[in-house]
Amino acid sequence: MNFPSNLKYTKEHEWVLVEENIGIMGITDYAQGELGDVVFVDIDPSLSAVTKGESFGSIEAVKTVSDLYAPCSGKIIEINKLLADNPEVVNSDPYGQGWMVKIEISDLNELNDLLDAEEYKKLIGQ
Amino acid sequence: MKKTAFYPIHQKIGAKIVEFAGYLMPVQYSSIIAEHKAVRNSVGVFDVSHMGEIFIRGENALKFVQNITINDASKLFPGKVQYSAMCYPDGGIVDDLLVYKISDGEYMLVVNASNMEKDFNWMVENNLFGVELINASDDYSLLAVQGPNSKEVLTKVCQSPLEMEYYYFKYDCIADTDVLISRTGYTGELGYEIYFRGDESTAAKIWDAVFNAGKDYNIQPVGLGARDSLRLEMGYCLYGNDIDKSTNPLEAGLGWITKLNKDSFIGKDELIKVKEEGLRRKLVGFTSNEKIFPRHGYALMFSGKNIGYITSGTVSPILEKPIALGYLEVEYAFPGNKVDISIRGKEFPAEVVTLPFIKK
């Protein structure tokens with residue numbers, strides 16, 4: 001399993017790539033493996049903002065449904081349209097094509113309690 | 001936690017293991033959807049050794065089986081298999097099962113792993129005929145080989161030709177081990193189930209023989225995840241989801257195995273009453289054009305009124321749309337009827353359809 005060191009991670013098994021005040025987020029390699037085949041990614045296309053820690057959508061996999069939690073608060077500037085017809089990229093490329101939303105982060109201090117790759121690996125017992 | 005004789009192989013090839021019915025079982029190897037398609041398009045192999053094998057022996061074996069199961073076991077002859085069920089006196093289902101007639105004095109009942117102890121105790125309690133009851137579940141392994149190419153693959157490893165009709169069985173020998181092989185399965189595809197006794201090394205030899213024979217067909221190991229989606233595409237019931245002690249076989253669409261005209265059997269009187277009074281609800285199939293994933297327990301609605309619930313659901317890997325089984329109040333349970341599935345507070349349109357979802 002792969003956990004790039006340039007990403008931040010949440011305890012809810014999401015990753016964020018932060019570039020200045022923009023955060024791109026998705027779910028981790030571990031999360032996609034636990035969920036198994038992703039069938040739908042359900043994010044309201046009219047979603048305009050998210051609040052850290054709150055659910056903003058869900059992932060339907062063959063075995064279970066899982067909520068998506070915002071890793072930080074902010075304005076939604078893009079939702080990955082590829083996922084509507086190709087949800088399987090969440091399994092095949094969780095850190096690339098499988099990204100979910102781009103967030104204009106409203107408070108960078110919110111990122112301080114996210115985990116780095118080493119801490120995340122410890123969390124999942126790797 | 002129990003392990004099947006194939007457990008070391010599952011570990012070696014990297015299966016994702018889950019606890020199921022007291023066993024450590026493979027839920028998937030690569031991807032549930034890919035494994036599902038391998039069975040529909042070519043051939044897949046399932047370790048289902050967790051299933052229970054109970055032998056009934058004695059001169060009253062048939063009387064015992066007739067009394068405890070709802071199908072007519074007198075129609076069986078040696079080498080024939082029958083799908084059946086056991087009911088409580090109130091008509092609720094103890095379990096669904098396969099009945100194998102070995103000989104006049106011997107039957108093998110194959111039951112769900114999750115019900116094995118309950119079923120065996122039920123049989124002991126209802127042994128009015130002095131038959132010998134042997135729970136041989138721990139001694140037997142069971143490998144299912146399913147898919148359009150299963151016959152070609154198994155012909156290579158069996159000693160005699162595999163000319164068998166659906167729901168027949170015979171004895172053969174695979175990798176120097178005696179096996180009972182039946183043309184049965186839970187997938188709707190051409191397929192076989194192989195019963196044998198033996199330890200992990202016997203199991204490994206049989207596994208290797210089958211996979212070597214299947215190389216040209218891209219044979220794949222298949223976990224419990226795809227087993228569930230395959231049976232659901234066919235509309236087959238799963239005990240614990242679609243049927244249980246609170247459901248009777250008539251409302252579950254199992255009227256075809258409920259032989260109310262045979263001599264007395266446990267549950268008969270109540271089931272006759274149910275039939276005479278008319279069903280209150282029925283297990284039916286649903287599909288939807290929405291992007292939803294129906295799951296066990298979701299409510300079924302009509303004009304805002306709760307009229308039933310989903311018992312099993314998935315997104316069909318073959319139809320690429322949601323499919324589900326569920327109970328509906330009988331006046332709503334007709335093909336073409338439009339109902340709503342309630343998912344986390346939102347309602348999505350769905351339609352009642354005839355089963356199976358996939359026409360074979």
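Chain letters run A, B, ... following the sequence lines, proteins first, then strands; residues in each count from 1.
Few gaps surround CG on A:D67; more than 12 heavy atoms of other groups in view lie less than 6.0 Å from it. Within 6.0 Å of atom NZ in B:K118, more than 12 heavy atoms from other residues, nucleotides or ligands are found, so the atom counts as buried in its surroundings. Annotation for A:E78: atom CD counts as buried by contact number, over 12 foreign heavy atoms lying within 6.0 Å. Atom NZ of B:K359 sits in a crowded spot, with more than 12 heavy atoms from other residues, nucleotides or ligands closer than 6.0 Å.
Scanning both residues, B:T314 and A:V62, for their nearest heavy atoms gives OG1-CG1, 4.5 Å. Nearest heavy-atom pair, B:Y298 versus A:V65, reported as atom, atom and distance to 0.1 Å: OH-CG1, 4.5 Å. A:G36 and B:Q28 make their closest contact through CA-OE1, 4.2 Å (heavy atoms, listed as atom of the first residue, atom of the second, distance). A pairwise comparison of heavy atoms in B:F293 and A:F40 identifies N-CE1, 4.0 Å as the closest pair.
Each of B:I292, B:V27, B:V315 has some count of heavy-atom pairs under 4.5 Å with chain A, and the biggest count is that of B:I292.
The backbone N or O of B:S31 sits nowhere less than 3.5 Å from a side-chain atom of A:D37 that would complete a donor-acceptor pair. The main-chain N or O of A:V39 is never found under 3.5 Å from a side-chain atom of B:K291 such that the two would form a donor-acceptor pair.
At a threshold of 4.0 Å, the pair A:E60-B:R295 counts as salt-bridged, since one of the basic side-chain nitrogens sits closer than that to a carboxylate oxygen.
Note that CG of A:D42 and NZ of B:K346 are 6.0 Å apart. Values are rounded to the nearest 0.5 Å. For the atom pair CD1 of B:I32 and NZ of A:K63, the computed distance is 5.5 Å after rounding to the nearest 0.5 Å.
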